[in-house]
Amino acid sequence: MAAPVSVLHERVLTWFDAHRRVLPWRDGRTDAWGVLVSEIMLQQTPVVRVEPVWRAWMERWPTPAALAAETPGEVVRAWGRLGYPRRALRLREAAVAVVREHDGRVPDTEEALRGLPGVGSYTAAAVAAFAHGRRTVVVDTNVRRVLARAVQGRAHAAPALTAADTRLATATVPADVATSVRWNVAVMELGAVVCRARGPRCPECPLLDVCAWVAAGSPPDDGPPRRGQAWHGTDRQVRGALVQVLRETSRSVPRDDLVGRALEAAGLDPARHREQADRCLAGLVEDGLVEPVRGGRFRLPA
DNA sequence: GAGTCGTGGTG
DNA sequence: TCACCAAGACT
């Protein structure tokens with residue numbers, strides 16, 4: 001790599017001390033439960049949308065035991081429009097597991113954390129580091145992008161996490177425990193605020209003069225075209241619309257009303273998408289996001 | 001490993 | 001405008 005790792009550390013850590021955002025789950029008073037909740041909510045969802053929901057969530061369910069005692073439906077409703085509502089179900093299941101298997105306390109090892117529903121390699125490393133001060137290798141999309149640019153000289157990281165990404169990230173984590181924790185949060189922050197996917201703010205970057213991508217003239221992406229996520233008319237749109245209808249009422253809804261209102265909200269032709277909507281509804285029931293009740297009606301699960 | 005799973009902001 | 005993207009996990 002172009003610059004010694006120690007230079008990366010010094011530059012990024014100094015930058016972080018001066019430019020870190022103030023976030024409620026990082027205020028030093030938030031316990032491991034609050035950190036876990038934030039990490040689950042932040043999976044594929046921007047900070048600005050998570051913040052208000054996290055605050056309300058922590059006020060309502062300040063402990064794993066509190067959430068574990070709640071119904072799935074209420075949890076999905078409180079999840080609001082953060083997206084991927086199965087995360088809400090898994091967070092509740094994780095709370096149940098914490099109560100039953102960990103004496104109500106969020107585990108402090110990556111292995112135990114990984115055993116919780118909805119907690120993968122990233123979230124386990126993040127919670128172990130940020131909530132428990134452990135030395136872990138945190139590899140999220142921000143870390144991968146910063147390293148791809150600064151070290152590898154590429155415009156973008158690979159579409160998905162690769163073994164090479166993990167190897168590179170591992171090699172850059174400081175040996176000292178306390179420093180490793182700061183590095184992990186700092187490099188993520190740099191990726192989120194400065195080394196952004198679109199419109200990177202290179203003039204503000206502490207790595208500007210050591211960045212391999214900048215040194216190469218900031219070449220555009222050389223890889224295959226990045227395929228966007230289709231949306232209009234997809235199952236995801238229909239599923240989202242179905243759940244949203246149920247989120248807005250505390251009562252059960254007849255199938256025809258539910259499907260009709262969802263397709264209308266989605267701007268989809270009822271005749272053309274009826275079959276798809278029925279299939280999506282069955283999938284939602286399968287996933288535990290929707291509960292059928294007598295009389296061909298549906299509601300969020302009690 | 002490739003697909004699937006929400007939602008809304010934005011360059 | 002509209003394709004792209006956001007602190008991924010799971011199958």
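Throughout, a chain's letter reflects where its sequence line sits, starting with A, and its residues are numbered from 1.
Among the protein residues, Ile40(A) comes within range of no part of the nucleic acid, since none of its heavy atoms lies under 4.0 Å from any strand. Within 4.0 Å (heavy atoms only), Trp79(A) reaches no atom of the nucleic acid at all. Within the nucleic acid shown, Arg21(A) comes within 4.0 Å of at least one base atom, counting heavy atoms only. Here Val119(A) lies in heavy-atom contact (under 4.0 Å) with sugar-phosphate atoms only. Nucleic acid contact class of Ser38(A) (heavy atoms, under 4.0 Å, all strands): none. Among the heavy atoms of the strands, none lies under 4.0 Å from Arg201(A).
When the C1' atom of dC10(C) is taken as reference, atom CG of Asp287(A) falls 11 Å away, rounded to whole Å. Arg87(A) has its CZ atom 14 Å from the C1' atom of dT4(B), to the nearest Å. As a whole-Å value, the separation of Leu42(A) CG from dT7(B) C1' is 14 Å. Between the P atom of dG3(B) and the CD atom of Gln44(A) lies a distance of 16 Å, rounded to the nearest Å. In this structure, Gln276(A) atom CD and dT4(B) atom P are separated by 12 Å, rounded to whole Å. As a whole-Å value, the separation of Leu89(A) CG from dC5(B) C1' is 12 Å. Straight-line distance from the CH2 atom of Trp231(A) to the P atom of dG6(B): 8 Å, rounded to whole Å.
Ranking dA6(C), dA7(C), dA9(C) by closeness to the Ala197(A) side chain, first place goes to dA6(C).
Taking only side-chain nitrogens and oxygens, Arg86(A) never comes nearer than 4.0 Å to OP1 or OP2 of dA9(C).
Defined by atom type and a distance below 3.5 Å, a donor-acceptor pair is missing between the side-chain atoms of Tyr122(A) and Gln43(A). For the residue pair Arg279(A) / Gln276(A), no side-chain donor-acceptor distance below 3.5 Å is found, with atom types taken as modelled. In this structure, a donor-acceptor pair under 3.5 Å is absent between the side chains of Arg90(A) and Tyr84(A).
Residue-to-nucleotide contacts include a donor-acceptor pair under 3.5 Å from the side chain of Thr45(A) to the base of dG6(B). In the interface, the side chain of Arg49(A) is paired with the base of dT7(B) through a donor and an acceptor atom under 3.5 Å apart.
Within the 4.5 Å cutoff, side-chain heavy atoms of Thr136(A) are placed close to those of Asn184(A).
Using a 4.0 Å cut-off between a side-chain N of Lys or Arg and a carboxylate O of Asp or Glu, Glu93(A) and Arg100(A) do not qualify as a salt bridge.
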